[in-house]
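The structure under discussion appears below in the form of structure tokens.
Quick note on labels: first sequence line is chain A, next is B, and so on, each numbered from 1.
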Number of protein chains: 2
Amino acid sequence: MASEQNSTRIQKRNRATILDAALDVFSQSGFNGATVNQIATSAGLSKPNLLYYYPSKEAIFTALLSELLDVWLAPLRALDPQGEPIEEILTYVRRKLEMSRDMPRESRLFANEIVQGAPRLNDTLSIDLRKLVDDTVIILDNWMKQGKIAQTHPKHLLFSIWSLTQHYADFEVQVRALMSPQDPMDGAQEFLDDLYRNLLRPKG
Amino acid sequence: MASEQNSTRIQKRNRATILDAALDVFSQSGFNGATVNQIATSAGLSKPNLLYYYPSKEAIFTALLSELLDVWLAPLRALDPQGEPIEEILTYVRRKLEMSRDMPRESRLFANEIVQGAPRLNDTLSIDLRKLVDDTVIILDNWMKQGKIAQTHPKHLLFSIWSLTQHYADFEVQVRALMSPQDPMDGAQEFLDDLYRNLLRPKG
DNA sequence: GTCACATTTGACCATATGGTCAAAGTAACG
DNA sequence: CGTTACTTTGACCATATGGTCAAATGTGAC
């Protein structure tokens, strides 16, 4: 009879199991392609049992998205205006690349949703992410003004980091097919380091 | 009773209409999310009529993919080993960027499919595309050996061009949300030109 | 143990889906 | 006009899907 933060060990365990199963299924098939049954089976629960914890497929999806958004954007928030600019940016790139390696499901979850028009994410994009990006642009602009990094388009710079790093998760099948028998990400970090050092190095 | 290349004006028109409608629907919802009814309605046909021209949803999809693959890969095939290396590559980048602007549905069609593991495209990736990429890598390697472009990882270079350019089509909703009120691709070409000139310029 | 509450489930429902089929309508062509 | 082949459709089917519900089972506190 507590207010809302009821825990109940079993609930905690099952909700976590469900979200992990949902991440598997949604990231592989997208919202439309995924079925409640797949998620339930993958979580080791019956369908009605699943729907006892989350009232609908959509509820699972939004719970998953909101749970992941923070961790997904954390590396960008960690950009330190006081740090050494080029190293700060390269650190960000490396973290994003690590996330593509270690959390490919999360990356594909967002990719699926955004490619299909982000119908369940539009507010997040145009409000929260927008705010974060605007803040970051200010930092980048300052670095450019101070001559710490070369002049370039700050937003396109961010887009490029996202697309280049997430590519290894989102298009993994393709990258793997073309890189095999090597590891798909073999040499990726060196390449990106090189790319951004050349772009950002202040020019005489 | 002709062999197989029967035309029948009506067939040609309807097959084209269907594929265009299918491109709309599949690129927006992916294979699983799309329904035969949506495609039929969008094509102005009844469902049984649609299935008279293509025997199944899968048949529409594969017909669409195989029709588009050539045009999609054409810019890469156009890379000229005899041309001026940096300009050749920049031309390729520009063409890909134009395709993201002019053919975003095609880009998203492939993106959807690949993100979801390319279950209906795996052979194409590991055979045809692989061959094309291997050929291109030889060209790039030669240019590097001759000192015409800086040393870099040829495959990751290709991946980077794909991801950077297709990003503007595949993640258009996100880019638009973050660029508005400006045009989503405003400044993109200059940014990419700059990026690749800095990367590829031969270093002392 | 027992009682209240949390959890789980089989059976069920309305709707959507991919696909079929026989019959009706339309072109083409002599 | 009549015949043949092409095109279109309403009705239909089996299956899958998201979701509900009442009843059964488990669990923790006393």
Side-chain donor/acceptor of A:Lys47 to base of D:dG19, under 3.5 Å:
yes

Pair B:Glu87 + B:Arg197, salt bridge at N-O below 4.0 Å
yes

Distance check needed: D:dT17 P versus A:Ile60 CD1, whole Å only.
14 Å

Quick one, B:Leu158 and B:Lys155 - any side-chain contact, counting heavy atoms below 4.5 Å?
no

Between C1' on C:dC12 and CG on A:Leu51, what's the gap in Å once rounded to a whole number?
14 Å

Does anything in residues 93-121 of chain A form a ring-ring contact (aromatic ring centres under 6.0 Å, His included)? List the pairs, not counting sequence neighbours.
A:Trp72-A:Phe110

Five-pair end axes of the helix from C:dG1-D:dC30 to C:dG30-D:dC1, angle between them (10°)
10°

Got a sec? Which of residues 30-46 of chain A come in under 4.0 Å of DNA chain C, heavy atoms?
A:Ser46

Donor-acceptor pairs under 3.5 angstrom involving side-chain atoms of residues 92-102 of chain A: please list them, not counting sequence neighbours.
{"unit_1": "A:Tyr92", "atom_1": "OH", "unit_2": "A:Trp162", "atom_2": "NE1", "d": "2.8"}
{"unit_1": "A:Arg94", "atom_1": "NE", "unit_2": "A:Asp193", "atom_2": "OD1", "d": "3.3"}
{"unit_1": "A:Arg94", "atom_1": "NH2", "unit_2": "A:Asp193", "atom_2": "OD2", "d": "3.0"}
{"unit_1": "A:Ser100", "atom_1": "OG", "unit_2": "A:Thr165", "atom_2": "O", "d": "2.7"}

Quickly work out the A:Tyr53 OH to C:dA6 P distance and round it to whole Å.
11 Å

Test of understanding: with side chain to side chain contact (heavy atoms under 4.5 Å, CB included), list the residues that count as partners of B:Thr17, not counting sequence neighbours.
B:Arg13, B:Ala43

Distance in angstrom units between A:Lys12 NZ and D:dT27 P, rounded:
19 Å

Please determine if a side-chain N or O atom of A:Asn14 lies less than 4.0 Å away from the OP1 or OP2 oxygen of C:dT8.
yes

Distance, rounded to the nearest Å, where B:Arg15 contributes CZ and D:dT8 contributes P:
11 Å

Rounded distance (Å) that lies between atom C1' of D:dT17 and atom NZ of A:Lys57:
8 Å

Listed by chain and number, what are the side chain to side chain contact (heavy atoms under 4.5 Å, CB included) partners of B:Asp24, not counting sequence neighbours?
B:Ser42, B:Arg105

How many whole angstroms separate atom CG of B:Leu50 from atom C1' of D:dT7?
13 Å

A:His167: what forms a ring-ring contact (aromatic ring centres under 6.0 Å, His included) with it, not counting sequence neighbours?
A:Phe171

Listing request: all salt bridge (Lys or Arg N to Asp or Glu O under 4.0 Å) pairs with a residue in residues 169-182 of chain A, at least two apart in sequence or in separate chains.
A:Arg108-A:Glu172, A:Glu172-A:Arg176

Pairs in or reaching into residues 56-78 of chain B: which pass salt bridge (Lys or Arg N to Asp or Glu O under 4.0 Å), with residues at least two apart or in two chains?
B:Asp70-B:Arg77

Side-chain donor-acceptor distances from residues 135-145 of chain A under 3.5 Å, at least two apart:
{"unit_1": "A:Asp135", "atom_1": "OD1", "unit_2": "A:Lys131", "atom_2": "NZ", "d": "3.4"}
{"unit_1": "A:Asp135", "atom_1": "OD2", "unit_2": "A:Lys131", "atom_2": "NZ", "d": "3.0"}
{"unit_1": "A:Thr136", "atom_1": "OG1", "unit_2": "A:Leu132", "atom_2": "O", "d": "2.8"}
{"unit_1": "A:Trp143", "atom_1": "NE1", "unit_2": "A:Pro81", "atom_2": "O", "d": "3.3"}

A:Asn49 side chain near C:dT9 phosphate (N/O to OP1/OP2, under 4.0 Å):
yes

Side-chain N,O (B:Tyr52) to OP1/OP2 (D:dT7) below 4.0 Å:
yes

A correct 5'-to-3' footprint of nucleotides 25-30 of chain C, with B, S and - meaning base, sugar-phosphate only and no protein heavy atom under 4.0 Å, is ---S--

At less than 4.0 Å, is any side-chain N or O atom of B:Gln11 found next to OP1 or OP2 of D:dC6? Yes or no.
no

Quick one: are B:Tyr196 and B:Leu164 in side-chain contact, heavy atoms under 4.5 Å?
yes

When the distance from OH of B:Tyr54 to P of D:dT7 is rounded to whole Å, what number comes out?
13 Å

Scan residues 46-68 of chain B for pairs that pass ring-ring contact (aromatic ring centres under 6.0 Å, His included), counting only residues two or more places apart or in two chains.
B:Phe26-B:Phe61, B:Phe31-B:Phe61

